[in-house]
Amino acid sequence: MKKIDFNKKWVVTRLDNPEDTKVVDVPYDAMFYEERKPDAPSGKNCCWVDCHDYSFIKEFELTEDQINDHDLILEFESVYHNAEVYLNDEKIASRPYGYTNFYVDLTDKVKVGNNVLKVIAYNSDQPNQRWYSGCGLIRPVWLYVLPKKHILINGIRITTLDYESRKIKVEIKTNGCEKAKVQILDGSDIKAESNIDLNNGNGELEFEVTNSKLWDLDNPYLYTAHIETETDSQDIKFGIRQIKLDGNGFFLNGIRTIMSGCCVHSDNQLIGCITNPFVEERRVRILKDVGYNAIRCAHNPCSKDFLDACDKLGMIVMDEYVDCW
């Protein structure tokens with residue numbers, strides 16, 4: 001699998017003012033640069049911003065080698081909101097909710113040579129939030145170039161079965177691969193490995209990763225699982241950790257743990273409602289330094305950058321789904 005950065009050179013235009021056009025890299029919060037007005041329909045919840053609708057357009061080239069014998073999947077990590085996606089003037093996808101990622105299959109829709117991708121983000125339907133939401137492609141965009149037989153995106157799941165014996169389960173889902181090799185890596189060192197025959201493209205196996213370290217709040221140790229099939233490969237980070245919640249409290253790796261938590265919104269203050277790996281890690285590190293060990297993402301799913309920072313630095317996360325439960 002090849003994961004291609006699709007974040008450079010987008011042309012953003014305000015739909016009610018075609019002259020308001022600029023070339024930007026995403027993530028980009030178009031709302032952040034609008035005028036504040038005392039009579040703005042967004043009101044106090046959205047900082048009195050004059051909200052509008054925007055198009056984001058990107059032209060890109062594809063070769064025959066990239067298209068032939070490949071599946072092409074586009075991932076939008078977040079578009080706020082009511083997103084519509086067009087490829088070469090054909091509408092191919094939509095996503096109303098503005099805080100979850102979604103995938104668009106470009107296979108058999110793209111052409112060799114120049115292609116034009118357009119995303120429309122609507123935000124003039126005010127008020128639509130109780131907080132500052134931002135608007136546009138506020139999280140990254142990626143293009144996955146996959147062989148016809150491949151490991152599914154999000155097709156690897158790792159579960160800790162027993163933290164004491166360091167026993168884990170690796171589940172693999174593909175669209176037709178026959179065999180897989182699994183390696184558990186600590187840096188470049190192989191901690192465990194095994195081969196597996198897949199059944200209808202799927203399979204699972206269990207490991208005892210001996211002499212391994214547990215992930216906990218003070219030592220958030222991470223390993224890499226490398227999964228390779230006859231045509232594809234993927235790497236994912238994971239920690240060996242197990243939680244239990246009962247009438248006696250919350251237990252992490254068998255130790256009763258008091259959660260000192262706080263709530264954070266998805267905006268990043270002076271840079272608007274965009275995600276950035278450095279900024280997300282900085283925010284989590286500051287919260288750790290002042291004594292927090294748990295975060296509730298209010299009131300929507302946080303970014304992948306934020307979750308990665310929590311895994312890296314040792315933070316428990318409640319990744320909230322929606323407002324108004």
Side-chain angles (χ1 to χ4, degrees), residues 3 77 140 154-172 181-194 204-228 233-266 268 275-298 301-320:
K3 183 179 180 181
E77 287 196 22
N154 303 318
I156 300 168
R157 180 181 178 89
I158 299 176
T159 307
T160 301
L161 299 178
D162 185 346
Y163 72 91
E164 292 180 305
S165 64
R166 310 304 200 257
K167 188 177 183 180
I168 66 171
K169 178 172 70 173
V170 180
E171 299 172 79
I172 304 166
K181 179 180 181 180
V182 180
Q183 293 180 322
I184 307 301
L185 304 175
D186 183 4
S188 59
D189 295 332
I190 300 174
K191 299 289 293 184
E193 63 179 333
S194 183
E204 62 180 57
L205 54 92
E206 298 179 0
F207 283 103
E208 285 191 4
V209 189
T210 57
N211 300 317
S212 58
K213 299 178 181 179
L214 294 175
W215 184 99
D216 61 35
L217 300 175
D218 297 319
N219 183 33
Y221 207 87
L222 295 173
Y223 293 93
T224 299
H226 174 75
I227 290 85
E228 187 171 339
S233 65
Q234 283 190 29
D235 291 345
I236 65 168
K237 295 278 190 181
F238 73 98
I240 301 174
R241 56 195 176 188
Q242 197 165 29
I243 65 170
K244 183 179 75 170
L245 186 64
D246 62 20
N248 295 313
F250 177 88
F251 292 80
L252 176 62
N253 301 330
I255 300 173
R256 186 171 184 268
T257 302
I258 303 298
M259 286 186 281
S260 300
C262 65
C263 300
V264 298
H265 281 237
S266 58
N268 273 310
T275 187
N276 175 284
F278 171 82
V279 173
E280 302 286 35
E281 185 171 323
R282 174 182 178 273
R283 176 158 58 158
V284 176
R285 180 175 285 110
I286 289 172
L287 291 171
K288 285 281 291 190
D289 288 345
V290 298
Y292 291 104
N293 64 12
I295 292 174
R296 168 187 171 229
C297 299
C302 57
S303 68
K304 293 183 180 182
D305 290 333
F306 189 84
L307 290 175
D308 287 344
C310 291
D311 273 347
K312 178 180 178 181
L313 299 176
M315 187 71 79
I316 301 166
V317 181
M318 176 183 172
D319 194 14
E320 191 163 282

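Because the structure is predicted, anything quoted here is derived from the model rather than measured.
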Looking at [atom1] of [X] and [atom2] of [Y], how far apart are the two atoms once the value is rounded to the nearest 0.5 Å?
{"X": "Phe251", "Y": "Leu245", "atom1": "CZ", "atom2": "CG", "result": "9.0 Å"}
{"X": "Met315", "Y": "Arg285", "atom1": "CE", "atom2": "CZ", "result": "11.0 Å"}
{"X": "Glu320", "Y": "Cys302", "atom1": "CD", "atom2": "SG", "result": "10.5 Å"}
{"X": "Ile184", "Y": "Ile240", "atom1": "CD1", "atom2": "CD1", "result": "8.0 Å"}
{"X": "Gln234", "Y": "Lys3", "atom1": "CD", "atom2": "NZ", "result": "10.0 Å"}
{"X": "Arg282", "Y": "Asp289", "atom1": "CZ", "atom2": "CG", "result": "11.0 Å"}

Under 3.5 Å donor-acceptor, [X] side chain and [Y] backbone:
{"X": "Asn253", "Y": "Gln242", "answer": "yes"}
{"X": "Arg166", "Y": "Ser212", "answer": "yes"}
{"X": "Trp215", "Y": "Asp311", "answer": "yes"}
{"X": "Lys237", "Y": "Asp308", "answer": "no"}
{"X": "Thr257", "Y": "Ile255", "answer": "yes"}
{"X": "Ser303", "Y": "Phe306", "answer": "yes"}
{"X": "Glu204", "Y": "Lys169", "answer": "no"}

Write down the atom of [X], the atom of [Y], and the distance for their closest heavy-atom approach.
{"X": "Asp319", "Y": "Pro301", "value": "OD1-CA, 3.3 Å"}
{"X": "Val284", "Y": "Cys310", "value": "CG2-SG, 3.9 Å"}
{"X": "Cys262", "Y": "Tyr292", "value": "CB-CE2, 3.5 Å"}
{"X": "Gly239", "Y": "Thr160", "value": "O-OG1, 4.0 Å"}
{"X": "Asn248", "Y": "Arg256", "value": "O-NE, 2.6 Å"}

Stepwise side chain to side chain contact (heavy atoms under 4.5 Å, CB included) check, Thr224 with Ile236: CA-CA 6 Å; Thr224 299; Ile236 65 168; over 6 Å; no

More than 12 heavy atoms from other groups under 6.0 Å of [atom1] on [X]:
{"X": "Lys167", "atom1": "NZ", "value": "no"}
{"X": "Leu205", "atom1": "CG", "value": "yes"}
{"X": "Lys181", "atom1": "NZ", "value": "no"}
{"X": "Lys312", "atom1": "NZ", "value": "no"}
{"X": "Phe250", "atom1": "CZ", "value": "yes"}

Are [X] and [Y] close enough that some pair of their side-chain heavy atoms sits under 4.5 Å apart?
{"X": "Asn211", "Y": "Lys191", "answer": "yes"}
{"X": "Asn268", "Y": "Glu280", "answer": "yes"}
{"X": "Ser194", "Y": "Val182", "answer": "no"}
{"X": "Phe238", "Y": "Ile168", "answer": "yes"}
{"X": "Leu252", "Y": "Leu217", "answer": "yes"}
{"X": "Leu313", "Y": "Glu281", "answer": "yes"}
{"X": "Leu185", "Y": "Tyr223", "answer": "no"}
{"X": "Ile295", "Y": "Met318", "answer": "no"}

Using only heavy-atom distances, determine whether the side chains of Thr275 and Glu77 contain a donor-acceptor pair under 3.5 Å. no

Run the salt-bridge test on Lys244 and Asp246 with the 4.0 Å N-O cut-off and return the result as yes or no. yes

Sequence-distant partners of [X], side chain to side chain contact (heavy atoms under 4.5 Å, CB included), two or more places apart:
{"X": "Glu228", "result": "His226, Ser233"}
{"X": "Ser260", "result": "Asn293"}
{"X": "Asn219", "result": "Lys213, Asp216, Tyr221"}

